[in-house]
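Each chain gets a letter, A, B and so on, in the order its sequence line appears, and its residues count up from 1. These values consider heavy atoms only, across backbone and side chains, with no hydrogens, waters or symmetry-generated copies. Computed from a predicted structure; not experimentally measured.
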Amino acid sequence: MLDRKLLRENPEILRDALRKRNYDISVVEELISLEQQVRSLKREIDDLRAEKNKISKEISKVRRENGNVETLMREAKRLDDRLAEIENKLPEKESILYEKWLYLPNIPHESCPVGSSSENNVVVRTWSKPREFNFTPKPHWDLGEALEIMDFKLAGEISGSRFAIYKNEGAELERALINFFLDENKKKGYQEILPPTLVKEEAMYVSAHLPKFREEMYYASEDQLFLIPTAETILANLYRDEIIEESDLPQYFMAFTPCYRREAGSYGKDVRGIIRVHQFNKVELFKFTKPEDSYDELEKMVNDAEDLLKLLGIPFRVVLLCTGDMGFAASKTYDIEVWAPGLGRWLEASSCSNTETFQTRRARTRMRRRDGKIEFPHALNGSGLATPRVFISILENFQEKDGSVVIPEVLRPYMGGKDVILPRKER
RNA sequence: GGAGGGGUGGCCGAGUGGUUGAAGGCGCACGAUUCGAAAUCGUGUAUCCUCCUAAUCGGGGAUCGUGGGUUCAAAUCCCACCCCCUCCGCCA
């Protein structure tokens with residue numbers, strides 16, 4: 001959510017932001033007029049209430065002195081009628097304005113490349129060279145099924161398409177990744193949170209997954225609870241309705257959770273394997289920072305995520321998203337893409353964003369400066385990391401000609417010292 | 001799921017329908033005292049919106065879990081919902 005003062009003080013910033021994101025800018029005029037109406041209604045109401053409060057106090061005083069209050073009462077009632085008339089108009093206008101306001105995306109940072117699609121994204125750096133194979137590398141679904149560490153047929157029967165079952169070393173590898181991510185991030189100062197994965201509707205508004213992205217989430221209607229699409233939802237709510245002292249910033253958090261996404265609208269896309277699944281595991285990173293520090297903190301967060309891949313030895317590249325490709329809540333986003341030689345393409349394994357005050361406004365999370373001034377801190381989120389594409393990348397990058405997969409060294413302590421996943425019969 | 005109790009400022013805690021945005025205490029900040037500290041004394045200490053101002057100051061409105069209602073007037077009365085606690089039932 002943006003600062004409503006923009007409508008009065010600098011609507012051009014809004015139009016510019018919407019243009020960069022390929023949104024229709026005509027909504028701005030509509031909002032300006034709505035905001036003016038709401039504000040003038042509020043003023044009228046405030047003035048009338050002030051008058052009425054005065055009379056009420058007068059009544060109280062006259063009563064105490066045993067005077068006659070009838071004239072005053074009549075005056076108060078008359079004001080009441082006028083008030084009721086105006087007060088009735090306000091909630092309607094206010095809610096229209098609020099609803100529309102919630103649908104406005106965040107303002108892109110000036111350092112973001114302007115462009116309309118992923119083609120305008122900028123690769124800022126690439127780490128390590130993709131390995132040369134002297135055989136044709138297989139996709140992870142072939143490797144996974146042959147090694148009997150993944151079962152897509154069974155998952156399909158039990159849960160449907162876009163679900164996976166991990167077995168044996170597959171399950172172990174998944175668990176190893178999660179623990180490895182958590183342990184490494186902890187060294188960087190991220191506090192661990194283990195949250196619920198079902199949340200109330202109001203919490204979803206804070207992260208800005210609502211109202212716009214209702215269709216992308218699973219909903220337990222009986223209990224009116226949403227399954228989280230990411231732990232970002234939870235972490236953005238950590239300081240809801242609270243004021244953080246400036247001296248307590250920055251704050252780093254991480255949370256491991258399963259993530260649930262309906263993937264509506266991506267029918268027929270990435271249906272094989274675990275490139276795009278309805279349920280996956282992710283360790284999410286989250287920061288609350290002072291506004292002046294947030295862009296440095298974003299760089300650090302990206303580096304933290306990159307470090308995980310470096311330790312694993314997985315080739316990756318860092319991509320700065322252009323304005324048209326950025327998420328709704330983001331001011332600036334870096335994606336980290338890992339190389340998947342079996343698929344022959346880069347896969348997004350992390351997305352790190354600065355949302356500035358977009359989420360903290362919705363959460364009413366504020367910070368108090370040393371001089372007592374109140375303002376909104378910035379909030380940042382990033383994956384550190386989501387497992388499926390790292391899993392893919394490990395299988396596909398570290399496969400051998402015989403179909404076995406070498407386990408990255410840093411994961412071996414998490415897998416009882418095992419260094420390779422061999423085909424079933426050889427185990 | 002059934003029965004009961006409760007939600008007030010950073011925290012504890014008072015609050016007869018009317019100068020209560022809210023006593024008192026703790027905490028915190030600043031000042032005095034002190035060689036310095038403790039103790040003591042003094043002052044200050046919620047947030048949001050809005051108007052005025054260059055800014056400070058100041059004016060107005062709103063907020064005592066949330067939303068509605070009664071009333072000239074609600075923290076206080078009524079209704080609904082949310083949350084917390086206790087007991088019973090069920091249960092990993």
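- The side-chain heavy atoms of Gln251(A) and Tyr239(A), taken from C-beta on, include a pair separated by under 4.5 Å.
- A 3.5 Å limit on both hydrogen-bonding distances identifies no Watson-Crick or G-U partner for A55(B).
- When heavy atoms are screened at a 4.0 angstrom cut-off, Ile59(A) is found touching base atoms of the nucleic acid.
- Here A23(B) sits opposite no nucleotide as a Watson-Crick or G-U wobble pair (both hydrogen-bonding atom distances under 3.5 Å).
- Taking 4.0 Å as the cut-off between side-chain N and carboxylate O, Lys187(A) and Glu184(A) count as a salt-bridged pair.
- When both distances must be under 3.5 Å, the Watson-Crick or G-U wobble mate of U34(B) does not exist.
- Rounded to whole Å, the separation between the C1' atoms of A14(B) and A75(B) comes to 12 Å.
- Contacts of Ile243(A) with the nucleic acid, taken as non-hydrogen atoms under 4.0 Å apart, involve only primed sugar atoms and P, OP1 or OP2.
- Residue contacts shown for Arg366(A) are limited to sugar-phosphate atoms, with no base heavy atom under 4.0 Å away.
- Rounding to whole angstrom units, CG of residue Asp241(A) and C1' of G10(B) are separated by 15 Å.
- Residue Glu242(A) contributes atom CD, which lies 12 Å from atom P of G9(B) at whole-angstrom precision.
- Rounded to a whole angstrom, the distance from the P atom of A29(B) to that of C84(B) is 34 Å.
- To the nearest whole angstrom, the two P atoms, one in U8(B) and one in C12(B), are 7 Å apart.
- With both ends at atom C1', the span from A32(B) to C26(B) equals 22 Å, rounded to whole Å.
- Under the Watson-Crick or G-U wobble criterion, with both distances below 3.5 Å, G1(B) is paired with C88(B).
- Between the side chains of Asp151(A) and Tyr166(A), no donor N or O sits under 3.5 Å from an acceptor N or O.
- A 3.5 Å limit on both hydrogen-bonding distances identifies C72(B) as the Watson-Crick or G-U partner of G18(B).
- Leu83(A) pairs with exactly one of Lys52(A), Glu44(A), Glu51(A) by the side chain to side chain contact (heavy atoms under 4.5 Å, CB included) rule, that one being Lys52(A).
- Look at CD1 on Ile244(A): it is 14 Å from C1' on G10(B), rounded to the nearest Å.
- What separates CD of Glu75(A) from C1' of U71(B) is a distance of 17 Å, to the nearest Å.
- Across all strands, Asp47(A) comes closer than 4.0 Å to no nucleic acid atom at all (heavy-atom distances).
- Asn237(A) contributes a side-chain N or O that, together with a main-chain N or O of Ala203(A), makes up a donor-acceptor pair within less than 3.5 Å.
- With P as the reference atom, U76(B) and A62(B) are 15 Å apart, rounded to whole Å.
- At the heavy-atom level, Arg368(A) lies under 4.0 Å from the strands shown only through sugar-phosphate atoms.
- Between the CD1 atom of Ile86(A) and the P atom of G61(B) there is a distance of 16 Å, rounded to whole Å.
- Taking the charged nitrogens against the carboxylate oxygens, Lys282(A) and Glu284(A) do have a contact shorter than 4.0 Å, which makes a salt bridge.
- With a cut-off of 3.5 Å on both Watson-Crick or G-U wobble distances, the partner of C28(B) is given as G44(B).
- Although no hydrogens or angles enter the test, the distance criterion places a donor-acceptor pair under 3.5 Å between the side chain of Thr323(A) and the main chain of Gly115(A).
- Listed nucleotides: C82(B), C72(B), G61(B). Nearest to the side chain of Lys200(A): C82(B).
- U45(B) and G61(B) have their C1' atoms separated by 23 Å, with the value rounded to a whole Å.
- Which of G60(B), U47(B), C72(B) sits closest to the side chain of Lys77(A) comes down to C72(B).
- Using a 4.0 Å heavy-atom criterion, one finds that Arg39(A) contacts the sugar-phosphate atoms exclusively.
- Leu48(A) places its CG atom 16 Å from the P atom of G60(B), with the value rounded to the nearest Å.
- With C1' as the reference atom, U70(B) and C77(B) are 8 Å apart, rounded to whole Å.
- Each of Ala76(A) and Ile45(A) lies near RNA chain B, and the nucleotide nearest Ile45(A) is the one positioned closer to the 5' end.
- Here the side chains of Phe181(A) and Phe256(A) are not in contact, with every heavy-atom distance at 4.5 Å or above.
- Separation of the P atoms belonging to G44(B) and G25(B) is 13 Å when rounded to the nearest angstrom.
- Among the heavy atoms of the strands lying under 4.0 Å from Arg8(A) are primed sugar atoms or P, OP1, OP2 only; no base atom is included.
- Within 4.0 Å (heavy atoms only), Lys61(A) reaches no atom of the nucleic acid at all.
- The distance from atom NZ of Lys54(A) to atom C1' of G61(B) is 13 Å, rounded to the nearest whole Å.
- The nearest heavy atom of RNA chain B to Ile55(A) and to Lys373(A) marks one nucleotide each, and the one closer to the 5' end goes with Lys373(A).
- The nearest whole Å value for the distance from the CD atom in Glu87(A) to the P atom in G68(B) is 10 Å.
- Listed pair Asn53(A) / G61(B) meets the phosphate criterion, a side-chain N or O lying under 4.0 Å from OP1 or OP2.
- Across all strands shown, Lys57(A) has no heavy atoms under 4.0 Å from either base or sugar-phosphate atoms.
- In a base pair of the Watson-Crick type (N1 to N3 plus N6-O4 or O6-N4) or a G-U wobble (N1-O2 and O6-N3), with each distance short of 3.5 Å, A80(B) is matched with U66(B).
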